[in-house]
**Q** 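Structure provided below as structure tokens; questions to follow.
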Amino acid sequence: MTVKQKRVFSGIQPSGMLHIGNYLGAIQQWVAGQGEKVNFICIVDLHAITVPQEPAALRRQTRELAALLIAAGIDPQQTTLFVQSHVRAHAEGCWVLNCVTPLGWLERMTQYKLKAQKQESVLTGLLDYPILQAADILLYDTDEVPVGEDQKQHVELTRDIAQRFNGLYGETFVVPKPVIRESGARVMALNDPTAKMSKSDFSRGHAIRINDSPDEIRWALKRAVTDAIGSIGFSDEPARAGVNNLLQIYELFTGQSRAAIEAHFVGKGYGALKGDVTEVVVEALRPIRERYEQLNADPDELDRILAIGAAQARAVAEPKIREVMAKVGFVLPTA
Ligand code: TYM
């Protein structure tokens with residue numbers, strides 16, 4: 001008997017330089033599943049414009065993100081890597097799903113509330129954001145959505161939308177599940193371990209960006225907020241969030257067990273912890289940064305890879321959107 005390979009879909013916004021939270025929470029999982037699962041990774045430019053973007057910067061960041069994902073281990077031979085706006089079915093699917101989703105489901109989304117607070121004028125697209133995300137996921141008959149903790153609510157909403165559509169129009173969508181790691185699900189800001197590391201916070205020392213220089217990484221980790229307790233161990237205590245965050249970063253970059261890590265740090269101080277984390281992060285990011293520089297210097301090659309990805313994605317998403325349109329009663333175009 002052949003076992004059906006699991007379908008994996010995830011997305012990432014081209015809205016600023018990636019940080020180690022994106023890498024440890026999401027990208028590392030995507031890379032680990034390659035080969036074993038059928039992977040679709042989408043650069044979500046339609047999502048990015050739900051808050052104002054400068055067009056030239058968006059274009060540059062879209063290619064930079066493609067380069068970074070490949071440099072970080074996404075292999076276009078094994079993963080369908082593509083840009084969301086290259087596959088029209090995403091926008092079309094969003095529209096149809098808009099028309100089965102009650103407004104109240106969107107108004108209670110935590111990310112919407114947080115992002116809306118930061119905007120002078122809130123765009124309609126920002127409220128609609130999670131429905132576009134649902135369309136992304138559902139078009140590919142996705143089984144698993146590997147994401148960081150902050151996306152859990154969106155994937156749960158996607159499940160609700162899929163079930164509602166299936167209830168109204170008959171079995172159409174696979175109901176996906178979020179896949180969230182225990183460590184790395186929520187990498188915290190180095191300068192404030194009560195807040196999530198975020199792409200949109202540009203204060204120095206907040207994050208480690210994937211292409212930061214070793215000196216910049218050293219600077220940020222040296223100043224990382226810890227506590228006055230002094231011992232080094234994994235902990236869920238809010239007071240220990242800074243130390244716990246550093247230990248999780250160490251854990252995910254080395255692949256060592258928690259017991260081995262705690263044993264390694266017995267009797268050592270925070271200076272040693274920060275020094276060891278720095279060494280591990282600098283060495284892990286070095287090859288990614290070098291490969292990124294090479295890839296980013298060849299935009300034609302990146303565009304070629306993205307064109308292949310878009311064709312592969314369309315081959316899955318287009319028949320699905322036709323099925324959806326037929327189910328809701330549209331006359332399908334014959335050409
Ligand atoms: P985005 O671009 O904000 O983030 C990409 C991925 O990185 C994870 N992440 C983190 N993980 C751990 N710690 C952090 N500090 C941290 N910050 C970010 C996110 O959880 C995410 O997995 N809405 C999505 C993009 C999206 C999507 C999709 C995801 C669009 N369509 C379909 C999955 C499926 C987002 O804004 O991700």
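Small disclaimer: the values here were computed from a predicted structure and weren't measured. Just follow the structure's listing: the first ligand is 1, and inside any ligand the first atom is 1.
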**Q** Would you say Phe234 ends up clustered with Phe253 if hydrophobic residues are merged whenever their side chains have heavy atoms under 4.5 Å apart, either directly or through other cluster members?
**A** yes
**Q** Given the rule in the salt bridge (charged side-chain N to carboxylate O under 4.0 Å, His left out) test, do Arg63 and Asp303 qualify, once you have shown the distances and angles that lead to the verdict?
**A** CA-CA 8 Å; Arg63 290 200 180 95; Asp303 286 353; 2.8 Å; yes
**Q** With ILVMFWY side chains joined below 4.5 Å, transitively, what does Leu58's cluster contain besides itself?
**A** Ile49
**Q** Can you list every protein residue that has a heavy atom under 4.0 Å from any atom of ligand 1, sorted by chain and residue number?
**A** Phe9, Ser10, Gly11, Ile12, Gln13, His19, Gly21, Asn22, Gly25, Ala26, Val44, His47, Tyr129, Gln133, Asp136, Ile137, Val145, Val147, Gly148, Asp150, Gln151, Gly184, Ala185, Arg186, Val187, Lys196, Met197, Lys199
**Q** Arg159: what forms a salt bridge (Lys or Arg N to Asp or Glu O under 4.0 Å) with it, not counting sequence neighbours?
**A** none
**Q** Which atom pairs, donor and acceptor, lie under 3.5 Å between side-chain atoms of residues 327-335 and protein residues at least two apart or in another chain?
**A**
| unit_1 | atom_1 | unit_2 | atom_2 | d |
| --- | --- | --- | --- | --- |
| Lys327 | NZ | Glu171 | O | 3.1 |
| Lys327 | NZ | Thr172 | OG1 | 3.0 |
| Lys327 | NZ | Glu323 | OE2 | 3.3 |

**Q** Would you say Arg218's side chain and Val282's backbone share a donor-acceptor pair under 3.5 angstrom?
**A** no
